[in-house]
Chemist: 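Can you keep this structure in mind? I'll have questions shortly.
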Amino acid sequence: MKVAEGSESNFARGVTRRDLLLKVGAGTIVTALGGLYVVSDRLTREAKAQTRADGRPRLPPGQRVIEVLKPMGGQPGEPGRGEFSVRIRGDVESPYALDFQALSKIDPVERTCDVHCVTGWSVLGARWNGVRISTLAKRARLRSGVRFVIIEAAHGYTANVPLEDAMRDDAMLTWDLNESPLRRANGAPVRALVPDLYFWKSAKWVTGLRFSKTDEPGYWEVRGYHNRADPWKEERYA
Ligand SMILES: Nc1nc2c(c(=O)[nH]1)N[C@H]1C(S)=C(S)[C@@H](COP(=O)(O)O)O[C@H]1N2
Ligand SMILES: [Mo]
C-alpha cells in the first residue's frame with residue numbers, strides 16, 4: 001500500500017500518515033483538501049501508456065486517476081435551473097444574459113474529456129453536455145484586443161483563462177455530467193469546463209463570462225496558484 005499526499009494535503013483534522021495504512025483493495029490512498037480519495041492504480045497505469053490526439057501524454061505529470069469527481073468544496077450558488085442566469089459581457093459589442101432554457105438551446109454539444117485537479121487527481125473520459133464558450137463569444141461579438149475571459153461565479157469566485165484556451169472545442173459551460181444533471185457540489189446548475197487547464201479554472205456555480213483585453217488573476221491565482229495552469233507543464237504554483 002502506497003500513501004501519497006496531495007499538494008493541498010491537510011492533516012489538521014487528526015489524519016496522520018499512520019491512519020491511512022488501511023486496507024482499501026487495490027488502490028492508493030491520497031490525502032488532499034477535503035479528505036481522502038482512492039486512486040485506481042490500474043487506470044493510472046493504463047493512462048500513462050496512452051497518448052492524446054494532440055501528441056501529449058494522456059496523463060499529465062504527477063497525476064493519478066480516480067473514478068469519479070471528488071467534490072472539492074467552494075461556496076455554492078443558487079442550484080435551481082429555474083433561477084439561473086448567466087451574463088456575457090465585458091469588451092464586447094453585444095452583451096447579453098441568458099436563463100437556463102435559452103443557454104441550453106443555443107448550440108448544445110457533448111464532449112468526452114479528462115480533468116486534472118492541482119491536488120494530483122485526474123478523472124478521465126467523463127461525458128459533459130453544454131455550450132462552447134466560443135459559441136457564446138461569437139454571439140457577443142468580441143472587441144479586437146480581447147485576450148482573456150474572466151469566468152465569474154457565485155460569491156465572487158473568479159478564474160481568468162487566456163482567450164485561446166477558452167476558445168478550444170471542449171471549453172464550455174456545462175450542465176450535465178455522464179448524462180445526469182450536475183450535482184450541487186459539482187457546480188449545479190451550470191459550471192465552466194476548461195479541461196486542459198488545472199480544474200480550479202473550471203468555475204462552479206457560474207454567473208458570468210466577462211471578456212477582457214486585460215488579465216485579472218482570479219480567486220486562486222491571487223493566492224499563489226499559477227496564472228496559466230497548464231497541467232502538462234505542471235504550472236501549479238506561481
Ligand atoms: N465557484 C467555485 N468554483 C470552483 C471552486 C470554488 O471554490 N468555487 N473550486 C475549484 C477547484 S480548486 C477545483 S479542483 C474544482 C473542483 O470541482 P469539483 O468539486 O466538481 O470536483 O472546482 C473549481 N471551481
Ligand atoms: Mo482545486
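In each ligand, atom 1 is the first atom listed, and ligand 1 is the first ligand listed. Values in this document were obtained by computation on a predicted structure and should not be read as measured data. Heavy-atom basis, side chains included; hydrogens, waters and symmetry copies ignored.
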Chemist: Measure the spacing between CG of N129 and CD of E179 and express it to the nearest 0.5 Å.
Modeler: 6.5 Å
Chemist: Regarding ligand 1, does K204 bring an N or O atom to under 3.5 Å of one of the ligand's N or O atoms?
Modeler: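 There is such a contact, yes.
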Chemist: Tell me whether G187 reaches ligand 1 (any heavy atom closer than 4.0 angstrom to a ligand atom).
Modeler: no
Chemist: Just to be sure I read this right, does ligand 1 sit under 4.0 Å from the backbone of A185, its side chain, both, or neither, counting only heavy atoms?
Modeler: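 Near ligand 1, A185 shows its backbone, while the atoms from C-beta on stay back.
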Chemist: Side chain of W232, backbone of P57: donor and acceptor closer than 3.5 Å?
Modeler: yes
Chemist: What verdict does the salt bridge (Lys or Arg N to Asp or Glu O under 4.0 Å) test give for R147 and D215, after you've listed the backbone C-alpha separation in whole Å, the side-chain angles of each residue and the deciding distance to 0.1 Å?
Modeler: CA-CA 8 Å; R147 292 188 304 122; D215 198 6; over 6 Å; no
Chemist: Please check whether M72 reaches ligand 1 - meaning an N/O of the residue sits under 3.5 Å from an N/O of the ligand, judged on distance alone.
Modeler: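 Yes - when backbone and side-chain N and O of M72 are compared with those of ligand 1, one distance drops under 3.5 Å.
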Chemist: Which atoms of ligand 1 are found less than 4.0 Å from any heavy atom of K70?
Modeler: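 Reading through ligand 1 atom by atom, the close ones are 18 (P), 19 (O), 21 (O).
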Chemist: Quick check on contacts: which atoms of ligand 1 are under 4.0 angstrom from a heavy atom of L69?
Modeler: 20 (O)
Chemist: Nearest 0.5 Å, please: how far is CZ in R111 from CZ in R168?
Modeler: 14.0 Å
Chemist: One pair to check against side chain to side chain contact (heavy atoms under 4.5 Å, CB included): D196 and R56. What are the steps and the verdict?
Modeler: CA-CA 11 Å; D196 286 353; R56 293 190 281 186; 3.5 Å; yes
Chemist: Could you tell me which atoms of ligand 1, counted from 1 in the order shown, lie closer than 4.0 angstrom to a heavy atom of S202?
Modeler: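 Taking each heavy atom of S202 in turn, ligand 1 has 22 (O), 23 (C), 24 (N) under 4.0 Å.
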Chemist: Heavy atom under 4.0 Å from ligand 1: found in W121's side chain, backbone, both, or neither?
Modeler: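 Answer for W121: side chain.
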Chemist: Find the distance between CZ (R184) and CH2 (W205) and round it off to the nearest 0.5 Å.
Modeler: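 One finds 8.0 Å between CZ of R184 and CH2 of W205.
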Chemist: Any idea which atoms of ligand 1 are less than 4.0 Å away from a heavy-atom of C117?
Modeler: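 In order of number, 14 (S).
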Chemist: Does W220 have a heavy atom less than 4.0 Å from any atom of ligand 1?
Modeler: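 Flag set, W220 near ligand 1.
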Chemist: Where do N178 and R127 land on the side chain to side chain contact (heavy atoms under 4.5 Å, CB included) test, with the steps shown first?
Modeler: CA-CA 5 Å; N178 294 330; R127 276 190 291 172; 3.8 Å; yes
Chemist: Would L103 and L136 count as a side chain to side chain contact (heavy atoms under 4.5 Å, CB included) if you check the C-alpha gap in whole Å, the side-chain angles of each, and the deciding distance to 0.1 Å?
Modeler: CA-CA 9 Å; L103 179 75; L136 299 170; 4.0 Å; yes
Chemist: Give the atom numbers and elements of ligand 1 that come within less than 4.0 Å of a heavy atom of A153.
Modeler: 1 (N)
Chemist: For W205, is at least one N or O under 3.5 Å away from an N or O on ligand 1?
Modeler: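 Between W205 and ligand 1 (N or O atoms, distance only) the closest approach is not under 3.5 Å.
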Chemist: Could you tell me whether the side chain of P181 reaches within less than 4.5 Å of the side chain of D176, counting heavy atoms only?
Modeler: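 Side chain of D176 against side chain of P181, heavy atoms only: contact under 4.5 Å found.
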Chemist: Below 3.5 angstrom, do we get any N/O pair linking Q75 and ligand 1?
Modeler: no
Chemist: Roughly how far apart are E221 CD and R228 CZ, rounded to 0.5 Å?
Modeler: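 Result: 12.5 Å between the selected atoms.
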Chemist: Report the part of N186 in contact with ligand 1, treating N, CA, C, O as backbone and CB onward as side chain, heavy atoms under 4.0 Å; options are side chain, backbone, both, neither.
Modeler: both
Chemist: Who's closest to atom 2 (C) of ligand 1 heavy-atom-wise, of Y157, Y198, F199, Y219?
Modeler: Y157
